[in-house]
Amino acid sequence: MNAPLTPVQHDSLQKSDRQSQIVRALQAQLPAHALIWNAEDTTPYECDGLTAYRQRPLVVALPETEAQVAAVLKTCHGLGVPVVARGAGTGLSGGAMPHALGVTLSLAKFNRILKIDPVSRTAVVQCGVRNLAISEAAAPFNLYYAPDPSSQIACTIGGNVAENSGGVHCLKYGLTLHNVLRVRGFTAEGEPVEFGGDALDAPGLDLLALVIGSEGMLAVTTEVTVKLVPKPQLARCIMASFDDVRKAGDAVAAVIAAGIIPAGLEMMDKPMTAAVEDFVHAGYDLDAAAILLCESDGTAEEVEEEIGRMTAVLRGSGATAIAVSTSEDERMKFWSGRKNAFPASGRISPDYMCLDSTIPRKRLADILLAIQEMEKKYKLRCCNVFHAGDGNLHPLVLFDANDPDELHRCELFGADILETSVAMGGTVSGEHGVGVEKLNSMCVQFTAAENEQMFGVKRAFDPAGLLNPGKVIPTLQRCAEYGKQVVRGGRLPHPDLPRF
Ligand SMILES: Cc1cc2nc3c(=O)[nH]c(=O)nc-3n(C[C@H](O)[C@H](O)[C@H](O)COP(=O)(O)OP(=O)(O)OC[C@H]3O[C@@H](n4cnc5c(N)ncnc54)[C@H](O)[C@@H]3O)c2cc1C
C-alpha cells in the first residue's frame, strides 16, 4: 500500500491536476505552439524586473489574435483561473509576476503597428509594440511618441498603459495618461471593451483615465491609439554640479518656480554619478555632491532664451560648474549616464531594488538626507537618481538576493523610503506601479476605507477577481498583519464585504 501523502505532495498533485485541466481546456482554443507549461519553458516568465520575487505560472499562453485572447480569458473565467497579463516583463514592482495557480497571458506576439496618421498625429498600435518602435515608425513624418521610459527599447505600450509609465521627458509632455487617446481590450470574461476614442475627449465617464495605471487588474489591453508630437527642431542640455544636495534640490524647485517647464530635469547623487561614470564615461563631475541635467527643446530661439534663463537660475542656486551641450552628440553623451543608471548599478552590486516614490519638489534634499541615515540603519548602500522636476525618486538600494538577511534589510529599507515619502507629503509610486512590491506601504498611504473603494472598482470590472489578483490593493488582513493602517477619520468597511 502507498504511504499517505504529505501535505506538500498533496499540494503539488492538486497543482498538476489543475495544470492538466487548464492545458486541456486551452488546447481546444490555441494552436500547439501558443501554449507552454513545462517548467523549463515557463521559468523565463517567473519574474519581471523585480527579480527578488519569483513564481512559475501553471501555464503560459501566447495568443496571436484578439479572438484567441478572448478565448483564453473566457476559458480561464469558466474554470475560475487567475490570469496575469504580461508585456515585456520589464516592470519593476512585480506586476507581471505570475500567480502560482494561474495562467500568464503573454502579449508578446501583438507587435504590429497598425496605422500612423500624420494628419491627426496619432498611431494605432498593438499592445506588444515596444515603446521606442512607435517613435521609430513615426520618425519619417518628423513625429514621435513623447513618454520615454528608460526601458523604452524593450517595454511595450500595453505595459506602459498598465503602469501609466513616465520618463525623462514627461515633465513637459505628460505621462502615458496624457498621450493615449484610446485603449481597446477584453474584460476578465473575454468580452471586448473600449475606453476613450479617436477624438480628444470621449463621451461618458472618463474610464480611460481609470484603466491607465490599473496594472492589468481591470482589463487586458490589445490595441492602443497614441498621440504623436512633432520632433522639436533643437534640444540642448545643461549639466550643473552642486557641492551640496540641498542646494541641488532647491535649484530644482527654483527652476520650476521661475515658470520654466524644462523638457527634462533629472538629478543624480554622488554614488550614482560614480557608478555611471565608470560605466559609460559621460563626463560627469565626480566631485559634485549632486548633478542636475536640465533640458530645453523647441525652436532655436526658444531654446537659446530658455537655456539662458535656466543657467541664471542654476547659478543663482549655487551651481559650482555648468556645461551646456553644443552638439547633438554631446547632448546624447550627457544623457547616456542618466539613461544607464540602472545597468550601472547592476555592475556594482549583485542585485538592486529600485524604489519609485514621489515627494513634493521642495522636500528633495530632506528625503536624500533621510536616505543617507537609512543607509547606516540598514547597513546597505543606496544610489539615487530621480526625475527631479516631477519629484519622482528612484533610490536604488544595493543588496545581494542570495543573502536572506540582506534581502530582508533591503525590504525594510525600501518600505522606510516609501513611508517617509508619504510622511513628507508624497506617494508610494510615481510610475513603476504598486505590483507586489509596495502592497504593504499602500496600508500607510491609504485608509482601509479607501483601499476598499479601490476593491469596489476592481469588482465592478472583474467580479470574480481573476485579473492579476493579490496585487496593488492590500486587503484588511494584510494591513493588520503588517501592523500599519492609516486612519484619517475613515470608517472601516463592513467586514462581510467580499474580498479578493
Ligand atoms: C532598466 C529599466 C528602466 C526603467 N525605466 C522606467 C522609466 O523611466 N519610467 C517608467 O515608468 N518605468 C520604467 N521602468 C519600468 C518598466 O519598464 C515599465 O513599467 C513598463 O511600462 C513595463 O512594460 P512591460 O511591457 O515590460 O510590462 P510588464 O512588466 O510585462 O507588465 C507590467 C504590468 O502591466 C501589466 N500588463 C502588461 N501588458 C498588459 C496588457 N496588454 N494588458 C493589461 N495589462 C498588461 C502586467 O500585468 C503588469 O501588471 C524601467 C524598467 C527597467 C528594467
Side-chain angles (χ1 to χ4, degrees), residues 44-45 47-51 57 63 66 69 73 82-99 102-111 125-133 147-171 175-177 183-188 193 195 211-224 264 266 335 338-346 352-354 356 358 385-387 390 392 394 396 429-437 461-462 467-472:
Y45 295 88
C47 66
D48 60 6
L50 182 67
T51 54
E66 286 195 336
V69 171
L73 288 165
V83 175
V84 179
R86 184 181 177 99
T90 67
L92 291 169
S93 56
M97 196 181 87
H99 191 285
V103 167
T104 286
L105 179 61
S106 166
L107 281 309
K109 292 183 179 168
F110 281 71
N111 57 2
V125 302
Q126 288 190 316
C127 62
V129 168
R130 292 176 303 111
N131 172 297
L132 188 61
D148 56 345
S150 301
S151 53
Q152 66 180 158
I153 194 167
C155 67
T156 68
I157 190 72
N160 293 178
V161 166
E163 301 288 10
N164 189 19
S165 297
V168 161
H169 289 99
C170 291
L171 175 62
L175 299 159
T176 303
L177 173 68
V183 168
R184 176 180 159 80
F186 290 85
T187 64
V193 63
F195 306 94
V211 83
I212 295 177
S214 63
E215 302 195 31
M217 292 180 44
L218 304 185
V220 172
T221 301
T222 51
E223 193 180 292
V224 184
E266 302 282 308
W335 281 113
R338 166 63 187 93
K339 290 270 179 182
N340 282 292
F342 293 7
S345 306
Y352 64 82
M353 191 175 281
C354 174
D356 167 48
T358 68
V385 53
F386 10 126
H387 303 309
D390 304 291
N392 184 193
H394 287 332
L396 294 140
S429 175
E431 56 181 20
H432 296 169
V434 176
V436 291
E437 181 208 10
F461 281 80
D462 174 19
L467 282 183
N468 220 0
K471 310 219 178 119
V472 184

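One-based numbering, in listed order, for ligands and for the atoms of each.
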What I want to check is whether the side chains of E431 and H394 have a donor and an acceptor closer together than 3.5 Å. yes
For a quick test of reading the model, state the closest non-hydrogen atom pair linking A88 to A154 and the distance between them. CB-O, 3.2 Å
Which protein heavy atom lies closest to atom 12 (N) of ligand 1, and at what distance to 0.1 Å? H432 CD2, 3.4 Å
Chi angles and distances behind the side-chain contact (heavy atoms from CB on, under 4.5 Å) call for V436, L50: CA-CA 9 Å; V436 291; L50 182 67; 4.3 Å; yes
How far is atom 32 (C) of ligand 1 from the closest protein heavy atom, and which atom is that? E163 OE2, 3.4 Å
Which one holds for L107 and ligand 1: side chain close, backbone close, both close, or neither close, with close meaning a heavy atom under 4.0 Å? side chain
N468 heavy atoms, cut-off 4.0 Å: which ligand 1 atoms fall inside? 47 (O), 49 (O)
Using atom types as modelled and distance alone, determine if a side-chain donor or acceptor of D148 lies under 3.5 Å from a backbone N or O of H169. yes
Considering only non-hydrogen protein atoms, determine which one is nearest to atom 22 (C) of ligand 1 and report residue, atom name and distance to 0.1 Å. T90 OG1, 3.4 Å
Would you say A219 touches ligand 1, if touching means a heavy atom closer than 4.0 Å? yes
Who's the nearest protein heavy-atom neighbour of atom 41 (N) of ligand 1, and how far? T221 O, 3.0 Å
Looking only at protein heavy atoms, which one is nearest to atom 25 (O) of ligand 1, and what is the separation? T156 OG1, 2.7 Å
Nearest protein heavy-atom contact for atom 14 (N) of ligand 1: which residue, which atom, what distance? S151 OG, 3.6 Å
Considering heavy atoms of the protein only, find what lies nearest to atom 24 (P) of ligand 1 and give residue, atom and distance to 0.1 Å. A88 N, 3.5 Å
For A162, the atoms of ligand 1 under 4.0 Å from one of its heavy atoms are 34 (O), 35 (C), 36 (N), 44 (N), 45 (C)
Is a side-chain donor or acceptor of R184 paired with a backbone partner of T222 at a separation under 3.5 angstrom? no
With a 4.0 Å cut-off on heavy atoms, does G49 reach ligand 1? no
Numbering the atoms of ligand 1 from 1, which are under 4.0 Å from a heavy atom of V220? 42 (N), 43 (C)
Is it true that a side-chain atom of N392 and a backbone atom of H387 form a donor plus acceptor pair closer than 3.5 Å? no
Which atom names give the shortest non-hydrogen contact between G216 and N468, and what distance separates them? O-CB, 3.5 Å
Measure the distance from atom 44 (N) of ligand 1 to every protein heavy atom, then report the residue, atom name and distance (to 0.1 Å) of the closest one. G216 CA, 3.4 Å
